[in-house]
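Report on the following structure.
Computed over heavy atoms, backbone and side chain alike; hydrogens, waters and symmetry mates excluded.
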Amino acid sequence: MGTSLKNANYLIASRMAEAAGGDADACYELGMVFSSGGAGVAVDLIEAHKWFNLAAVAGSEAGMASRSEIAEDMTAREIAAAQASARAWLHATQRRAA
């Protein structure tokens, strides 16, 4: 149990590092994790939408499609929160890269 949790945490941390570099696939994978509750995290549609949105911004067609699908199960307020979170992520990672 402890090993699988360590592996899940490593997976998420490594994908976040790749996402910070603008990797669309990493963003998409994070969206999948949060939309399905994989890798030991709870389902979080706001966080999933954020990552699918970031994948879409980076050019992922799968990210665009998944963002649209997940938005159907969200309120306007939840979507706005996800978009604000995506903007904050972009601002923070672009600032670090500069």
For this session: Considering non-hydrogen atoms only, spot the tightest contact between Arg15 and Ala26 and give its length.
Result: O-CB, 3.4 Å

For this session: Could you grab the distance from atom CD of Glu69 to atom OG of Ser35, nearest 0.5 Å is fine?
Result: 9.5 Å

Problem set entry | From Asp44 atom CG to Ser36 atom OG, the distance as rounded to the nearest 0.5 Å | 11.5 Å

Exercise. Got more than 12 heavy atoms from elsewhere within 6.0 Å of CD, Gln83?
Worked result: yes

Problem set entry | Distance in Å, Glu18 CD paired with Leu30 CG, rounded so as to fall on 0.5 Å steps | 9.0 Å

Exercise. What distance do Met16 atom CE and Leu11 atom CG have between them, rounded to the nearest 0.5 Å?
Worked result: 10.0 Å

Exercise. If you look at every heavy atom in Ala58 and Ala24, which pair is closest and at what distance?
Worked result: CB-CB, 3.6 Å

Problem set entry | Nearest heavy-atom neighbours spanning Ala48 and Gly31 | CB-O, 3.6 Å

Problem set entry | Derivation of the side-chain contact (heavy atoms from CB on, under 4.5 Å) call for Glu78 and Leu45 | CA-CA 8 Å; Glu78 289 171 328; Leu45 297 183; 5.5 Å; no

Problem set entry | Same apolar cluster (I L V M F W Y, side chains within < 4.5 Å links), Ile79/Ile70 | yes

Exercise. Any donor-acceptor pair under 3.5 Å linking the side chain of Ser66 with the backbone of Gly63?
Worked result: no

Seminar exercise, completed: On a heavy-atom basis, the closest approach of Asn53 and Ala86 is ND2-CB, 3.8 Å

For this session: Side-chain contact test, heavy atoms from C-beta onward, threshold under 4.5 Å: evaluate it for Trp51 versus Tyr28 and give yes or no.
Result: no

For this session: Quick one: closest heavy-atom pair of Leu54 and Cys27, and the distance?
Result: CB-SG, 3.9 Å

Exercise. Under 4.5 Å between any side-chain heavy atoms of Val41 and Phe34, yes or no?
Worked result: yes

Exercise. What's the shortest heavy-atom distance between Lys50 and Ser85, and which atoms?
Worked result: CD-OG, 3.1 Å

Exercise. Is it the case that one hydrophobic cluster holds both Val43 and Val33, taking links as side-chain heavy atoms less than 4.5 Å apart, direct or via other members?
Worked result: no

For this session: Spell out, yes or no, whether Trp89 and Ile12 are grouped together once hydrophobic residues are joined by side-chain heavy atoms under 4.5 Å, including indirect joins.
Result: yes

Problem set entry | Side-chain heavy-atom pair Ser60, Phe52 within 4.5 angstrom cut-off | no

